[in-house]
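Right, one structure below, let's go through it.
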Amino acid sequence: MSSPWIEALRSVALIVPDVEAATRFYTDIWHLDIAARADGAVYLRGTGSDHHLLSLHPGPRAALRTVTLRARSAQALDEIAQAAVEAGGTLISPIAQVSEPGGGVGLTVRDPDGRIFQVVHGDACHADAHEAPDRPIRLAHVVLNAHELPAAQAFLESAFKFRLADRTRIMAFMNCDRDHHSLALGDTDNDALNHIAFLMPDVDSVMRGGGRMRDAGYSIDWGPGRHGPGNNAFNYFVGPDGVVIEYTAEVEQIDSTYKVGGPEDWVWPPGRIDQWGISQPPSARLKEAQRAIEFIKENFQ
């Protein structure tokens, strides 16, 4: 099912009012490591090969700056640049050398609803990739709300060749590699960031992460549980600046034989919202936070 143009989800860039405070959280509590600093921003890595998973940039309020995807080839960048415009998007930055840490060659596009995607190729990777207990490896997925989901889905399909893996009543799960989904679209009345999911090495790490977050004063706002589409275990939290973050593990790996499901295939028995049947519904605080972080509206810099 994989995209011929997009190899993987690489990273997310956030704007935050206090970069140093957010950095302390994501290093000391969330268990990422600093990969680089540049121009007041901090770039944070997991234990995997990606140069960084998360970057924190200074600004007056919390916002989503970009979602970065990795292209399979330099030729794919040319294809994406043309396809994104034909799909109704705007080419904010043409294909050029990326000046930020991680480097490579890349472009930046904005979809018709204001979502900003950077696509890079040839970016730096760490040679010491490994797995470690209770430490994130890489990003698993990013979920973006969509007030007009069919149009947002069509853009991802046309501009990046993502493919639908499953459609539930409230979400479209979009596939680009062996992971069941790398992006998903929430069927809502807004276009905010729903959440960012970090892949942990195992379910034990998801649970230990939940305990560590509670020790630090962050409640588990949804979980523990195991999702239907993607089959992944989860714990959700509202982190600094109101950003919803998830620890997850055991994401289902799929190929061209996977049968795309519809809403009728993902109906829970009464009283259940996950496979295990132990999770409480998402907290009101979580639901509110999933509407609060929007893409920047100003001209991209």
Side-chain angles (χ1 to χ4, degrees), residues 8-12 14 22-35 42-56 70 125-143 173 177-184 193-241 243-254 273-283 285-286 289-290:
L9 169 67
R10 204 278 305 271
S11 59
V12 172
L14 296 173
T23 298
R24 287 192 295 273
F25 167 82
Y26 284 109
T27 54
D28 296 348
I29 300 171
W30 199 247
H31 279 185
L32 299 178
D33 292 309
I34 296 175
V42 177
Y43 298 78
L44 301 161
R45 65 167 293 192
T47 63
S49 62
D50 292 322
H51 179 270
H52 62 277
L53 315 181
L54 186 69
S55 59
L56 305 171
R70 181 179 291 115
C125 291
H126 296 287
D128 61 347
H130 63 286
E131 293 186 6
D134 200 15
R135 303 193 76 87
I137 304 166
R138 59 176 173 86
L139 291 188
H141 56 263
V142 174
V143 177
F173 296 85
D177 56 14
R178 290 297 305 280
D179 285 358
H180 176 271
H181 58 284
S182 297
L183 294 178
L193 171 66
N194 188 286
H195 69 271
I196 307 167
F198 295 76
L199 183 71
M200 297 291 262
D202 49 37
V203 175
D204 187 69
S205 295
V206 172
M207 299 301 286
R208 290 185 182 278
R212 187 178 62 257
M213 286 287 285
R214 289 181 65 178
D215 289 345
Y218 294 89
S219 62
I220 299 175
D221 284 283
W222 187 19
R226 185 179 286 279
H227 286 307
N231 196 41
N232 47 310
F234 64 85
N235 269 326
Y236 287 77
F237 314 87
V238 180
D241 306 302
V243 178
V244 179
I245 46 181
E246 175 191 1
Y247 278 142
T248 192
E250 298 185 354
V251 177
E252 184 174 8
Q253 301 296 286
I254 65 174
I273 57 168
D274 78 304
Q275 290 194 55
W276 291 336
I278 61 173
S279 180
Q280 296 296 313
S283 71
R285 191 170 77 107
L286 184 84
Q290 288 174 320

Begin from the C-alpha positions of Arg226 and Val203 and carry the test side-chain contact (heavy atoms from CB on, under 4.5 Å) through to its verdict.
CA-CA 10 Å; Arg226 185 179 286 279; Val203 175; 3.9 Å; yes

How far does OG of Ser49 sit from CZ of Arg10, to the nearest 0.5 angstrom?
11.0 Å

Treating Asp221 as the side-chain partner and Tyr236 as the backbone partner, does any N or O pair qualify as donor plus acceptor under 3.5 Å?
no

Distance col, row Leu286:CG vs Phe237:CZ, nearest 0.5 angstrom, shows 10.5 Å

Heavy-atom closest pair, residues Ile273 and Gln280
CD1-O, 3.1 Å

Tightest non-hydrogen contact, residues Ser182 and Leu9, listed as O-CD2, 3.5 Å

Given side chains that start at C-beta, do those of Val143 and Glu246 come closer than 4.5 Å, heavy atoms only?
no

With sequence neighbours left out, what residues match Arg208 under side chain to side chain contact (heavy atoms under 4.5 Å, CB included)?
Asp134, Asp204

Does a side-chain heavy-atom distance below 4.5 Å link Val244 with Asn194?
no

Do the side chains of Asp33 and Arg135 get nearer than 4.5 Å, heavy atoms only?
yes

Criterion side-chain contact (heavy atoms from CB on, under 4.5 Å) on Met213 and Ile220, from CA distance to verdict:
CA-CA 8 Å; Met213 286 287 285; Ile220 299 175; 5.9 Å; no

Check this for me: does any side-chain nitrogen of one of Asp177 and Arg70 sit under 4.0 Å from a carboxylate oxygen of the other?
no

Residues Tyr43 and Ser55: closest non-hydrogen pair is CD2-CB, 3.5 Å

In short, Pro201 meets Pro133 closest at the heavy-atom pair CG-CA, 4.3 Å

Side-chain contact test, heavy atoms from C-beta onward, threshold under 4.5 Å: evaluate it for Pro136 versus Met200 and give yes or no.
yes

Partner residues of His130 under the ring pair (Phe, Tyr, Trp, His ring centres under 6.0 Å) criterion, sequence neighbours left out
none

Just jot down the ring pair (Phe, Tyr, Trp, His ring centres under 6.0 Å) partners of Tyr218, sequence neighbours excluded, or say none.
Phe25

Ring pair (Phe, Tyr, Trp, His ring centres under 6.0 Å) filter on Phe198, not counting sequence neighbours, yields Trp30

List the residues meeting side chain to side chain contact (heavy atoms under 4.5 Å, CB included) with Arg138, not counting sequence neighbours, and say none if there are none.
Asp50, Leu53, Asp179, Leu199

Validation row: Asp202, Glu131 side chains within 4.5 angstrom (heavy atoms):
no

Spatial distance of atom CG (Asn235) from atom CD1 (Ile245) [nearest 0.5 Å]:
11.0 Å

Which residues satisfy the salt bridge (charged side-chain N to carboxylate O under 4.0 Å, His left out) test with Asp274, sequence neighbours excluded?
none

For Ser279 against Pro224, the heavy-atom pair lying closest together
CB-O, 3.3 Å

Is the His126 ring parallel, tilted or perpendicular to the His51 ring (thresholds 30°, 60°)?
parallel

Among Leu44, Thr47, Thr23, Val42, find the one that has a side chain to side chain contact (heavy atoms under 4.5 Å, CB included) with Leu32.
Leu44

Any chance you could measure Arg45, atom CZ, to Ser11, atom OG, to the nearest 0.5 Å?
13.5 Å

Identify which one of His180, Glu250, Glu252, Gln275 satisfies the side-chain hydrogen bond (donor to acceptor under 3.5 Å, both in side chains) criterion when paired with Asn231.
Gln275

Spacing of Asp241 atom CG and Leu14 atom CG [to the nearest 0.5 Å]
8.0 Å

Just by distance, do the side chain of Arg178 and the backbone of Ile254 share a donor-acceptor pair under 3.5 Å?
yes

Shortest non-hydrogen contact between Pro240 and Tyr26, atoms and distance:
CD-OH, 4.4 Å

Using the ring of each side chain (for Trp, its six-membered ring), is Phe234 parallel, tilted or perpendicular to His227, with breaks at 30° and 60°?
parallel

